[in-house]
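Report on the following structure.
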Number of protein chains: 2
Amino acid sequence: MPRASLSRETVVGLALRVVDEEGPAALTLSAVAARAGVATPSLYKHVRNLAELRELLSAHVMGEISARIGDAVLGRSGDEALHALMTAWRSYVRTHPGRYAAMIQSPQPGLAEAGERLLDVMFAALRSYGLTDSESVHAVRCLRSAVHGFVLLEAAGAFGLPESLDDTYELLTRMITAGLHAPRP
Amino acid sequence: MPRASLSRETVVGLALRVVDEEGPAALTLSAVAARAGVATPSLYKHVRNLAELRELLSAHVMGEISARIGDAVLGRSGDEALHALMTAWRSYVRTHPGRYAAMIQSPQPGLAEAGERLLDVMFAALRSYGLTDSESVHAVRCLRSAVHGFVLLEAAGAFGLPESLDDTYELLTRMITAGLHAPRP
DNA sequence: GCCTGAAAGCTAATGTCATTAGCTCAAAGA
DNA sequence: TCTTTGAGCTAATGACATTAGCTTTCAGGC
């Protein structure tokens, strides 16, 4: 086996640096190849095509988020766990806005596993609320929607007014936690 | 003035049909030109470039949403107004998922006006809660985040489980409305 | 009815990408 | 040392965006 200077993982790592430093729109095979010091077609030895690279990158990012929020939730329960989860999620996106924006949302086969892990962490964080399975599904969806919407808009710079975004996020957190104490009407 | 078969508005209209029928990724000047029955470079007589077309399209979509939720809120107040606003917003996105996904979120000069109008409608819908200006800003941001996150994920097909999405959205609506009755801790 | 100039559309050309085909050559293992 | 495998390369193709410069149409004045 010859020159193994590159690997699938290295390529994904370089792709992450591209989106971190130049934004999601800059993610091209050319850009990654340039960073790898390699001709563009050489990348096809490691990833099937650009679409697969995007998928691998998305799975990686989902994995990082799961790990972060999983850590944050450890040893906590109830509102405290929820608060920690939401804070950790937002904090990750603030650190890597391009990375988060580059993440694919539509259901791809390669993302199923990473997506499930992320859901698992969220379900676990809600466990102490004592919800039924079905209530938990609705609760996780609401949590995910609210956090995803907020961090996406924040990362895009879509909140123009001068009011504190920390305060807004506090309010959002309270809306979610309060809503979880009475998930049915 | 010669052959005025095309216009800025026509071009935007064709672009809307492209994203509606083929998704946001299919929005190319080639695709629009093909629908217009015109060579690609001819479009440059009407829009500066692809970036500007995206901006015009985004402004148009924002305008449509403002109009829809504005209508929905007319003659209502309080929780009822909020509920109508959220329902109308989601309903718009379900009708035009590609259009919504094609909408730019980052603050562009050309989007300022449309963005302000959308914000105005949301502030108006919250008026009867009697919030302070600052509380309203936080409330609108939370509302926008939650709705945007939900409809984006729903349009992307990101909610895989079989539980009813209508029920989830009801819960999300209740979380927001309940949170608005006591926006500060 | 004819002239003219501005605007709409066209062709040709360039540059960036993704992707495929087929070659080369390094190095691992016999 | 020889073979084989696989990483990386060059060349080529095709889709796009964008620019330059030409052609043609037609509105309005004569």
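The basis for the numbers below is simple: all heavy atoms, side chains too, and nothing from hydrogens, waters or symmetry mates. Because the structure is a prediction, the values reported are computed rather than measured. Reminder, nothing fancy here: chain letters follow the sequence lines and each chain counts from 1.
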Taking only distance into account, with no hydrogens and no angle test, what donor-acceptor pairs under 3.5 Å do side-chain atoms of residues 143-157 of chain A form with protein atoms, sequence neighbours excluded?
from	atom 1	to	atom 2	distance (Å)
A:Arg144	NH1	B:Ala158	O	3.3
A:Ser145	OG	A:Arg141	O	2.8
A:His148	ND1	A:Tyr100	OH	2.7
A:Glu154	OE1	A:Arg90	NE	3.0
A:Glu154	OE2	A:Arg90	NE	3.4
A:Glu154	OE2	A:Arg90	NH2	2.8
A:Glu154	OE2	A:Arg94	NH1	2.5

I'd like a table of donor-acceptor pairs (distance under 3.5 Å, sequence neighbours excluded) in which one partner is a side-chain atom from residues 16-32 of chain A, with atom names and distances.
from	atom 1	to	atom 2	distance (Å)
A:Asp20	OD1	A:Arg99	NE	3.1
A:Asp20	OD2	A:Arg99	NE	3.2
A:Asp20	OD2	A:Arg99	NH2	2.4
A:Glu21	OE1	A:Arg35	NH1	3.0
A:Glu21	OE1	A:Arg35	NH2	3.0
A:Glu22	OE2	A:Arg35	NH2	2.8
A:Thr28	OG1	A:Ala31	N	2.9

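In this structure, B:Leu6 atom CG and C:dC10 atom C1' are separated by 13 Å, rounded to whole Å.
Under 3.5 Å, the side chain of A:Lys45 and the base of D:dG6 form no donor-acceptor pair of N or O atoms.
A side-chain hydrogen bond (donor to acceptor under 3.5 Å, both in side chains) check over residues 69-80 of chain A, counting only residues at least two apart or in different chains, returns the pairs A:Arg76-A:Glu80, A:Asp79-A:Tyr129, A:Asp79-A:His181. Counting only residues at least two apart or in different chains, salt bridge (Lys or Arg N to Asp or Glu O under 4.0 Å) contacts with residues 106-122 of chain A are absent. Sorted by first and then second residue, the ring pair (Phe, Tyr, Trp, His ring centres under 6.0 Å) pairs with a member in residues 34-73 of chain B form an empty list; sequence neighbours excluded.
The side-chain hydrogen bond (donor to acceptor under 3.5 Å, both in side chains) check on B:Thr95 picks up nothing, with sequence neighbours excluded. Residues passing the salt bridge (Lys or Arg N to Asp or Glu O under 4.0 Å) test with B:Glu52, sequence neighbours excluded: B:Arg8, B:Arg48.
Side-chain N/O atoms of A:His96 and A:Glu64 include no donor and acceptor closer than 3.5 Å.
Contacts of residues 11-25 of chain A with DNA chain D (heavy atom under 4.0 Å): none.
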*Would you give a per-nucleotide map of nucleotides 12-19 of chain D, 5' to 3', where B means the base has a protein non-hydrogen atom under 4.0 Å away, S means only the sugar-phosphate does, and - means neither?*
----SSBB
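Distances shown here put a side-chain N or O of A:His46 below 4.0 Å from the OP1 or OP2 atom of D:dG8.
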